[in-house]
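For reference, the structure is listed below as structure tokens.
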Amino acid sequence: METRLFQEDKITEFQRKLLQWYKNHQRKMPWRGSSSPYEIWVSEIMLQQTRVDTVIPYYKRFIDRLPNLKALAEVEDHQLLKLWEGLGYYSRVRNMKETAKFLMEKHAGAFPKRAKELMELKGIGEYTAGAIASICFGERVAAVDGNVLRVMARLTGSTMDIKDAKVKREIIHQVKSLLPAVDIGNFNQALIEVGAIICKPNSKPDCFNCPIIAECIAYEKGLQNEIPIKSPRAEKKQQEITVLLMEHKGRFAIKKRTHSKLLKDLWEFPNIEGKKSSVELTKLLKEWGLKVIECQPLKNSKAIFTHIQWILSGYYLAVEEVQDMERDLMWVTKEELLREYSMASAFKEFRRQLIDGFDPTTNESI
DNA sequence: TGTCCACGTCT
DNA sequence: AAGACGTGGAC
């Protein structure tokens, strides 16, 4: 077990400075000031891997439309997905609905109060459980996210890899030893906020405005730009995909990604693996029972995920029905497409072209 | 251009 | 333990 980071009296001073700074410098956010576990939960799930500025409009719309657990438990899946469209990591919102239903049916419609119990809920891990328990219920528990890992690594001057699970455990332990007797939620948020706006990830930290510079070993040693140390992530795989924007009688073909894990249950334009020529496409569509009347290449695009990169080439295809064209395609108007169907960002450039008109292609090879 | 954030959670 | 799962903005 790790020894204390600071002496007793120094800890009190550290807590005071951090809480005072947070009181004066915290950014405004729609969920700040709320102690409703539902609202904090929604905000924390949205904030997982996602920036505050991106989350704010989604959060407002979500709470407006689904103000409580009951509303979320009862909402239709496609409406829910539409509220989440573009936020990414769509399993987050599937888990939320499952948890809402569970709490309504098995837990009298209320959240448990302890981090340990919160962690048993789908989609709530150690960080989110700590955040909800400390912010809403004042539990004396740490909430260590990526910001806190970075702040703590610099504070202690640690050159250990913060991606390492053991190092994270150690940091959670250290944060616990720094927790004040009361005001735990604000203390946790203060540490996160310092990480977000002072002890920044991608640029040099703003050390001269940092409330805890006096305790910072990295600063003392001039290592604030070297720490934290992180092992490099695995390389992305690349996949070429040919996307088909097929029009028939003023309607366009879309398809639901029912069996896919990636972007599950979102809608997409029909597509095939590999880079296909217009000749190959015409042949393929013939097998699908469709006759190509017109074929125009579209501007290529890229979609970058954490672990994969898609190279997308698109074609506009005016088609005619030859025989029964099942293939679980859905034929929708532009208006329906925008209003009713959730599409991942990977396909949004094509959707935009479809709605606004197709740009003249600038691809060299057709 | 490319890399990082972004440990967050689940599997 | 390590890979899957999204997105967009900063630098």
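This structure is a prediction, so every number in the text was calculated from the model and none was measured. All chains are named by letter (A, B, ...) in the order of the sequence lines, taking the proteins before the strands, and each is independently numbered beginning at 1. Computed over heavy atoms, backbone and side chain alike; hydrogens, waters and symmetry mates excluded.
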Length of the line joining [X]:[atom1] and [N]:[atom2], which is rounded to integer Å:
X	N	atom1	atom2	value
A:Phe305	B:dG8	CZ	C1'	19 Å
A:Ile45	B:dG8	CD1	P	12 Å
A:Ile172	B:dC7	CD1	C1'	9 Å
A:Tyr90	C:dT7	OH	C1'	8 Å
A:Arg169	B:dG8	CZ	P	15 Å
A:Lys264	C:dG6	NZ	P	11 Å
A:Met46	C:dC5	CE	P	22 Å
A:Leu262	C:dT7	CG	P	8 Å

Practice problem: With the side chain of A:His307 defined as its heavy atoms from C-beta on, choose the nearest nucleotide among B:dG8, B:dC5, C:dA4. | Solution: C:dA4

Quiz prompt | Nearest listed nucleotide, side chain of A:Ala165, among B:dG8, B:dC7, C:dG6 | solution = B:dC7

Quiz item: Relative to the 5' end of DNA chain C, which residue comes earlier, A:Tyr89 or A:Asp164, by the nucleotide with the nearest heavy atom?
Solution: A:Asp164

Quiz item: Considering heavy-atom distances to DNA chain C, does A:Lys166 or A:Ala346 have its closest nucleotide positioned more toward the 5' end?
Solution: A:Lys166

Output yes when at least one side-chain N/O atom of [X] is less than 4.0 Å from OP1 or OP2 of [N], else no.
X	N	result
A:Lys236	B:dT3	no
A:Arg150	B:dA6	yes
A:Lys348	C:dT7	no
A:Lys237	C:dA4	yes
A:Thr306	C:dG6	no

Quiz item: Between A:Arg32, A:Lys28, A:Lys23, which is the residue that forms a salt bridge (charged side-chain N to carboxylate O under 4.0 Å, His left out) with A:Glu193?
Solution: A:Arg32

Quiz item: Can A:Lys82 and A:Glu85 be counted as an ion pair, charged N to O under 4.0 angstrom?
Solution: yes

Examine [X] and [Y] and state if one hydrophobic cluster contains both, with Ile, Leu, Val, Met, Phe, Trp and Tyr joined whenever side-chain heavy atoms are less than 4.5 Å apart.
X	Y	value
A:Ile63	A:Met46	yes
A:Ile162	A:Ile217	no
A:Phe62	A:Met104	yes
A:Ile304	A:Met343	no
A:Val75	A:Leu121	yes

Exercise. Extract the stems that DNA chain B is part of, considering only consecutive pairing runs of at least three Watson-Crick or G-U wobble pairs, both distances under 3.5 Å.
Key: B:2-5 with C:8-11, B:8-11 with C:2-5

Quiz prompt | Nearest non-hydrogen partners of A:Ser34 and A:Ile40, listed with the distance | solution = O-CD1, 3.5 Å

Practice problem: Quick one: which residue pairs count as a salt bridge (charged side-chain N to carboxylate O under 4.0 Å, His left out) with a foot in residues 202-222 of chain A, not counting sequence neighbours? | Solution: A:Lys17-A:Glu215

Practice problem: Determine the contact category for A:Asp53: base if any of its heavy atoms lies under 4.0 Å from a base atom, sugar-phosphate if only primed atoms, P, OP1 or OP2 are that close, otherwise nothing. | Solution: nothing

Quiz item: Checking all strands, does A:Leu263 fall into the base, sugar-phosphate, or nothing category for heavy-atom contacts under 4.0 angstrom?
Solution: sugar-phosphate

Pairs under 3.5 Å (N/O, protein and nucleotides 9-11 of chain C):
none

Self-check item: Nearest-angstrom distance, P atom, B:dA6 to B:dG2
Solution: 22 Å

Quiz item: By the rule that ILVMFWY residues connect when side-chain heavy atoms come within less than 4.5 angstrom, directly or transitively, which residues belong alongside A:Tyr219?
Solution: A:Phe208, A:Ile213

Quiz item: If you find the nucleotide of DNA chain B closest to A:Lys302 and the one closest to A:Gln49, which residue's nucleotide is nearer the 5' end?
Solution: A:Lys302

Quiz item: Is A:Met152 close to A:Arg150 at the side-chain level, that is, under 4.5 Å between some pair of heavy atoms?
Solution: no

Self-check item: By side chain to side chain contact (heavy atoms under 4.5 Å, CB included) - contacts of A:Glu240 (at least two apart)
Solution: A:Lys275, A:Ile311

Close N or O pairs between protein and nucleotides 9-11 of chain B (under 3.5 Å):
from	atom 1	to	atom 2	distance (Å)
B:dT9	OP1	A:Gly125	N	2.7
B:dT9	OP1	A:Gly125	O	3.4
B:dT9	OP1	A:Thr128	N	3.1
B:dT9	OP1	A:Thr128	OG1	2.6
B:dT9	OP2	A:Glu126	N	3.2
B:dT9	OP2	A:Tyr127	N	3.2
B:dC10	OP1	A:Gly123	N	2.4

Exercise. Give the ring-plane orientation class for A:Trp21 versus A:His25, where under 30° counts as parallel, over 60° as perpendicular and anything between as tilted.
Key: parallel

